[in-house]
Amino acid sequence: MIDIHFHCLPGIDDGPGNWDDAVALCKAAADEGTTTIVATPHVLREPWLNEDRAERDRLLVRLNALLGGKPAIVPGCEYFFAAEVLDLWDRGSEGPLVGLNRGSALLIEFPSYAVPINAEFLFHELSVMNVQVVIAHPERNGELAHNPERLEALCAKGAVTQITAGSLLGEFGRAALAAAEEFHRRGLVHTIASDAHSLSRRPPRMAAARRWVEKRWGSAKAIELFESNVEAVTRAGIVVP
Ligand SMILES: [Fe+2]
């Protein structure tokens with residue numbers, strides 16, 4: 001499996017605080033069948049700005065060396081969405097944004113309870129720039145959970161979603177699980193990832209989530225969510241709908 005949302009670079013956000021914890025977290029993911037992790041530290045989210053790509057890359061190289069390729073860690077980021085996104089993406093490798101596996105799929109997160117009013121417009125502009133937007137954990141966003149039509153509108157602009165493995169297992173409460181089920185009914189679930197942060201607070205749990213999807217939504221859907229669509233976004237292909 002490829003896990004496209006994972007906080008594994010130590011000491012730069014609310015993920016692991018040191019190398020031992022980072023290595024243990026990644027190894028736990030490997031034990032669950034994850035072969036590749038996209039490192040997605042928070043970027044431009046106070047207090048974790050992490051604008052220095054070179055520093056992020058240094059951490060990633062060292063983590064790969066410590067893990068010996070099991071699992072492999074590839075670059076990415078979780079960008080806290082703002083109106084500057086077009087300019088930031090335009091800066092390419094000079095800027096702070098990195099697509100998943102350095103491709104053209106960008107993982108974005110919204111504030112917990114709202115979606116910026118200009119998101120549809122900006123998503124359209126990003127699609128014109130051939131950026132595949134991946135919306136991180138919409139089931140944990142208050143506005144999207146209560147108003148799935150808004151998520152439909154965003155996906156109509158070319159975005160796809162990433163639902164959190166733990167949400168399906170009830171770890172984020174009943175509202176997040178109910179939202180994920182409603183998104184599924186509307187065809188708005190495109191990928192699953194762990195959003196792992198630590199073994200104690202936010203472990204990976206991808207294997208359990210995959211079993212849940214197979215049982216509830218069927219094995220064909222599990223292959224789509226855990227394999228074909230995540231492979232497509234890490235290759236930067238345009239996924240669905
Ligand atoms: Fe995250």
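Side chains are part of it too, since the values below use all heavy atoms of this structure and drop only hydrogens, waters and symmetry mates. Whatever order the structure lists them in is the order used to number ligands and atoms, beginning at 1.
Between E181 and R174 there is no salt bridge, since none of the side-chain N atoms of the basic residue sits less than 4.0 Å from a carboxylate O of the acidic one. Under 4.0 Å is where a charged nitrogen must lie from a carboxylate oxygen, and between R45 and E78 no such pair does.
For the salt bridge (charged side-chain N to carboxylate O under 4.0 Å, His left out) criterion with D195, the lone passing option out of R201, R202, R205 is R202.
A donor-acceptor pair under 3.5 Å is absent between the side-chain atoms of D3 and the main chain of I37, judged by distance alone.
Put simply, H5 gets within reach of the Fe ion (ligand 1), with an N, O or S atom under 2.8 Å from it. Taking 2.8 Å as the criterion, H7 counts as a coordinating residue of the Fe ion (ligand 1), since one of its N, O or S atoms falls below it.
Taking the N/O/S atoms of E78 in turn, the shortest distance to the Fe ion (ligand 1) belongs to OE1. Looking at D195 and the Fe ion (ligand 1) together, the shortest N, O or S contact belongs to OD1.
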